[in-house]
Amino acid sequence: MTTTRRTPPGELLPRSFLAAPSMEVAPRLLGCVIEHETTQGTVAVRLTEVEAYHGELDPGSHAFRGRTPRNAVMYGDPGFVYVYFTYGMHYCMNLVCEPAGTASAILLRAGEVVEGIDLATDRRRGASLRELARGPARLTVALGIARDDNGRDACDPSSTLRVRAGAPIAPNVILAGPRVGVAAGADTPWRFWIDGDPTVSAYRRHVPKRRPGNPSTSRRGGTEGFSS
DNA sequence: CTTCCGATATACT
DNA sequence: GTATATCGGAAGG
């Protein structure tokens, strides 16, 4: 019989951990640690907020309209990193899930810097401890991740970009709710976060494009979610 | 807490 | 050619 043993905290996350549907993996990724080592030093972030994107079935996913040069990494093996550029100035980082051929991924939305605080603060131009990685683009800045990190393997022991297992999170403090910034499929509760953690980003619903003369200024949300 | 708006790769018509 | 984007910083209340 196969006993599924939890990976001890600090140990590299096995690729098999990510070879499952993103919405199942995502809550279990909370508390895990992303670590990036550069010549400047190492920064590590403990994840407190993530979002699952489920391939071609998910209207919110970058792979919803099929394979393109940008989303190609999502179709590859689990454990690889999908980095994309958005809003003309930001990078966001995902971990690819499921076996090659499917296009699931998990967006790393926020976390707590647990190593390399000085370096992260420097990269984030003096932001407070709480704000260092509070938001997906902030997280990539704190970690020193950019475009050329797209397609790197975070489950390779010799990699300078790694995912490590974290201490177990009590299921009752893991909440789920709608995703941020997603126009289509916004009602699907595939955002997961650690309840009450100060590094979880402020929820902002997708803002529909405001046409001149069509002042639909719908906004706001909340941090309320469903316990899982 | 809120609103405003930048600056551009990417995908689609 | 044009619309949109898995957003953040600054400034106002």
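Any value given below was found using the heavy atoms of this structure, including those in side chains, with hydrogens, waters and symmetry copies removed. Naming convention: chains lettered A, B, ... in sequence-line order (proteins, then strands); numbering from 1 in each chain.
At a threshold of 4.5 Å between non-hydrogen side-chain atoms, the residues A:T42 and A:E115 count as touching. Side-chain contact between A:V50 and A:V25: absent, with no pair of heavy atoms (C-beta onward) separated by less than 4.5 Å. A:L132 has its side chain within reach of A:T121: a pair of non-hydrogen atoms, C-beta onward, lies under 4.5 Å apart. Contact annotation: the side chain of A:N94 approaches that of A:Y84 to within less than 4.5 Å [non-hydrogen atoms, C-beta and beyond].
With A:F17 as the aromatic partner, A:R28 meets the cation-pi criteria of under 6.0 angstrom to the ring centre and within 45 degrees of the ring axis.
Separating the OH atom of A:Y84 from the P atom of C:dT4 is a distance of 17 Å, rounded to the nearest angstrom. Regarding A:H90, its NE2 atom lies at a distance of 19 Å from the P atom of C:dT4, rounded to whole Å. In this structure, A:L107 places its CG atom 13 Å from C1' of C:dA5, rounding to the nearest Å. Between A:L139 atom CG and C:dT6 atom P there is a gap of 16 Å when expressed in whole angstrom units.
Among all heavy-atom pairs drawn from A:F192 and A:M23, the shortest one is CZ-O, 3.7 Å.
The gap from the C1' atom of C:dA5 to that of B:dG6 amounts to 13 Å, rounded to the nearest Å. Atom C1' of B:dA7 sits at a distance of 13 Å from the matching atom of C:dT4, rounded to the whole Å.
Aromatic ring pairs are classed by plane angle as parallel below 30°, tilted from 30° to 60° and perpendicular above 60°; the pair A:Y91 and A:F85 is tilted.
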Mark up nucleotides 8-13 of chain B, 5' to 3', with B wherever a protein heavy atom is under 4.0 angstrom from a base atom, S wherever such an atom reaches only the sugar-phosphate, and - elsewhere. BSSSS-
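OP1 and OP2 of C:dT6 both lie 4.0 Å or more from every side-chain N or O belonging to A:R191. Within the structure, a side-chain polar atom (N or O) of A:R109 is placed less than 4.0 Å from OP1 or OP2 of C:dC7.
Partner assigned to B:dG6 is C:dC7, using Watson-Crick or G-U wobble distances below 3.5 angstrom.
None of A:N150, A:L139, A:V83 except one satisfies the side-chain contact (heavy atoms from CB on, under 4.5 Å) rule with A:I145; the exception is A:V83.
Heavy-atom distances under 4.0 Å link DNA chain C to A:R124 of residues 120-132 of chain A, given in residue order.
Under a 4.0 Å N-O distance rule, the pair A:E131/A:R124 does not qualify as a salt bridge.
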